[in-house]
Amino acid sequence: MAEGHRRLVAVSNRVGPLNDEGKAGGLAVGLSDALKRRGGLWFGWSGNTSSKGTFSEATTEVEGNVAMATIDMSEEELQGFYYGYANRSLWPLLHYRLDLAEFDRQSDRIYRSVNQRFAARLAPMLDDSDLVWMHDYHFFYMGSELRQCGFKGKIGFFLHIPFCSPEIFTALPSSHDIVRAMLAYDVIGFQTDTDRRNFANFCVRELNGQKLPGHRLQVGDRIIVADTFPIGIDAPGYARFAVSPEAGEHEEMVREIAGDRLQIIGVDRMDYSKGLVERFRGFERLLEEYPENRGTVQFLQVAPLSRSELGAYVELRRELEELAGHINGRFATLDWTPLQIMTRGFTRRALAGIYRAARACLVTPLRDGMNLVAKEYIAAQDSDDPGVLILSRFAGAKAELPDALIVNPYSTDDVARAIQRALTMPLDERRRRWETMRDAVFHGTAAHWCDSFLDRLERSGRDEDGPAGE
Ligand code: ADP
Ligand code: F6P
């Protein structure tokens with residue numbers, strides 16, 4: 001812990017890794033970059049199930065200045081909390097997929113009880129001088145549960161994924177309970193102004209709240225801060241990864257296999273929010289409408305499996321494999337396979353090398369809180385021959401990276417046109433766009449995100465903020 005800082009206690013469902021293991025997920029990447037700098041305690045789920053579940057003892061591992069304390073869940077908790085409420089109700093709802101959202105009383109109950117038990121396990125490890133920082137939609141109730149356990153210090157919350165419009169959020173049977181519980185936090189952080197406004201509008205319209213100056217909200221006699229803190233990556237660190245020997249080997253390998261062909265890359269968890277089906281169709285349209293690309297481009301989609309117990313994800317995998325087979329069947333020649341899909345993980349260094357070898361990167365989610373792949377791709381390029389980022393207008397990253405080629409991911413023609421433009425873009429335009437985006441990625445780093453959030457949390461409850469911690 002740096003001198004003069006209070007201890008940081010971060011809480012998230014997934015904990016770690018701190019090293020370059022290549023696990024997919026923006027939260028783990030952003031938070032580990034931030035925690036390694038500042039040190040502290042990281043608390044959450046062990047990733048295991050055991051019969052005692054959240055009653056189990058916490059296991060603590062220390063790596064450098066970070067202690068990671070984790071507890072198990074029971075099988076029932078895993079099903080009801082993680083697969084059920086978090087990923088069958090909240091995830092689709094907050095990503096505007098009301099058609100995929102399922103609501104049931106049982107998983108709602110288990111979600112609340114897991115939040116309560118995690119809080120009860122964490123409370124004895126805390127001191128009121130700690131800064132507690134909760135992360136993501138798994139723990140909406142945990143701040144209010146920690147208050148019930150008697151914790152009086154500051155508690156912040158950051159939502160890594162979108163906060164949908166109130167019209168959609170009110171479909172959740174517990175929407176009022178959730179937002180009322182969130183008022184226990186002193187500062188609530190969002191990725192974009194749109195998310196922040198959606199939350200504020202919910203408070204105003206549904207809970208008779210009031211917007212106050214300084215991005216504060218008042219509901220009843222409770223005043224909290226709800227502000228925008230876009231997450232970033234450790235950009236200088238990532239740029240160093242990109243020139244490491246491991247990155248070099250992977251870059252070389254991709255270039256060798258590509259030969260004279262231009263490489264297009266996509267890197268996403270296999271999730272319906274990432275717009276992969278629409279992206280594949282956009283690539284197919286490119287080959288239809290711009291036939292000069294047949295035999296001269298190849299598209300590699302890295303898509304590690306995620307939440308594969310859930311029906312919507314099983315269905316997505318089936319659809320993607322079928323579509324990839326269809327596109328390859330339609331266009332492949334004896335010496336050319338247009339599209340390759342790969343579900344394996346890579347270390348961050350290896351991935352950085354793969355990004356470097358790619359002329360264009362497709363980041364086309366239908367909705368995304370931020371999207372760190374977009375920032376990693378930019379950080380991995382250099383001025384000699386920078387690639388082109390094609391970015392969805394529905395990714396949080398669009399606010400900071402308007403110099404990407406911005407597309408509507410639902411429009412097959414728009415995606416095809418953007419790929420064609422990326423493949424034919426002159427070097428000076430590629431450089432110009434990349435330089436502006438590089439500046440943004442190096443400015444809005446994980447460290448900046450962490451420091452600005454924690455600084456706001458430290459200041460909350462003072463001067464204009466009114467009483468906090470009640
Ligand atoms: P999300 O949090 O929804 O998964 P992000 O784009 O914000 O989306 O973050 C994904 C993170 O996971 C990035 O840091 C990316 O590099 C990493 N990642 C994605 N696929 C892989 C993979 N196959 N191997 C290693 N890391 C991956
Ligand atoms: O960044 C969004 C996020 O949902 C994180 O909360 C999560 O850790 C990550 O994506 C991967 O999802 P999961 O933890 O369900 O594998």
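Residue numbers count from 1 along this sequence. Whatever order the structure lists ligands and atoms in, that order sets their numbers, starting from 1.
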Taking only heavy atoms of [X], which atoms of ligand 2 are found under 4.0 Å from at least one of them?
{"X": "Tyr82", "value": "13 (P), 15 (O), 16 (O)"}
{"X": "Leu27", "value": "1 (O), 5 (C), 6 (O)"}
{"X": "His138", "value": "6 (O)"}
{"X": "Trp91", "value": "4 (O)"}

Open item on the list: For the 3.5 Å polar cut-off, considering only N or O atoms, please tell me whether Leu351 and ligand 1 meet it.
Closed with: no

TODO: Using distance alone, determine whether Val302 and ligand 1 share an N or O pair under 3.5 Å.
DONE: no

- [ ] Quickly, which of Leu276, Leu362, Thr364 forms a side-chain contact (heavy atoms from CB on, under 4.5 Å) with Pro409? Name it, please.
- [x] Thr364

TODO: Compute the shortest N/O to N/O distance between His160 and ligand 2 and return yes if it is under 3.5 Å, no if not.
DONE: no

Open item on the list: Below the 3.5 angstrom mark, is there an N/O of Ser306, backbone or side chain, next to an N/O of ligand 2?
Closed with: no

Open item on the list: Contact between ligand 2 and His135 is defined here as a heavy atom of the residue under 4.0 Å from a ligand atom; is it met?
Closed with: no

- [ ] Run down the list Arg307, Met370, His95 and name the one with the heavy atom closest to atom 12 (O) of ligand 2.
- [x] Arg307

Task: Candidate with minimal heavy-atom separation from atom 8 (O) of ligand 1, of Met370, Arg344, Lys274, Arg348 - done: Lys274

Would you tell me whether [X] and [Y] have side-chain atoms, one donor and one acceptor, within less than 3.5 Å of each other?
{"X": "Thr343", "Y": "Arg317", "result": "no"}
{"X": "Thr412", "Y": "Arg281", "result": "no"}
{"X": "Thr337", "Y": "Asn328", "result": "no"}
{"X": "Arg279", "Y": "Gln301", "result": "yes"}
{"X": "Asp195", "Y": "Thr192", "result": "yes"}

What part of [X] sits under 4.0 Å from ligand 1 if we count only heavy atoms: the side chain, the backbone, both or neither?
{"X": "Glu376", "answer": "side chain"}
{"X": "Ile233", "answer": "neither"}
{"X": "Val373", "answer": "both"}

TODO: Heavy-atom contacts with Arg269 under 4.0 Å: which atoms of ligand 1 show up? List them by number with element.
DONE: 1 (P), 3 (O), 4 (O)

Task: Contact atoms of ligand 1, heavy-atom distance to Pro304 under 4.0 Å - done: 20 (N), 21 (C), 22 (C), 23 (N)

TODO: Would you mind telling me if ligand 2 is within reach of the side chain of Asp136, the backbone, both or neither, using heavy atoms under 4.0 Å?
DONE: side chain

- [ ] Apply side chain to side chain contact (heavy atoms under 4.5 Å, CB included) to Asp136 and list each qualifying residue two or more places apart in sequence or on a separate chain.
- [x] Leu27, His138, Leu159, His160, Ile161

Open item on the list: Would you say the rings of Tyr111 and Tyr141 are close, in the sense that their centroids are separated by under 6.0 Å?
Closed with: yes

- [ ] Look at the aromatic rings of Tyr410 and Phe394 and report parallel, tilted or perpendicular, splitting at 30° and 60°.
- [x] perpendicular

- [ ] Using the six-membered ring wherever Trp is involved, compare the ring planes of Trp133 and Phe158 and label them parallel, tilted or perpendicular (cut-offs 30° and 60°).
- [x] perpendicular

Task: Residue pairs passing the salt bridge (charged side-chain N to carboxylate O under 4.0 Å, His left out) test where at least one lies in residues 60-75, sequence neighbours excluded - done: none

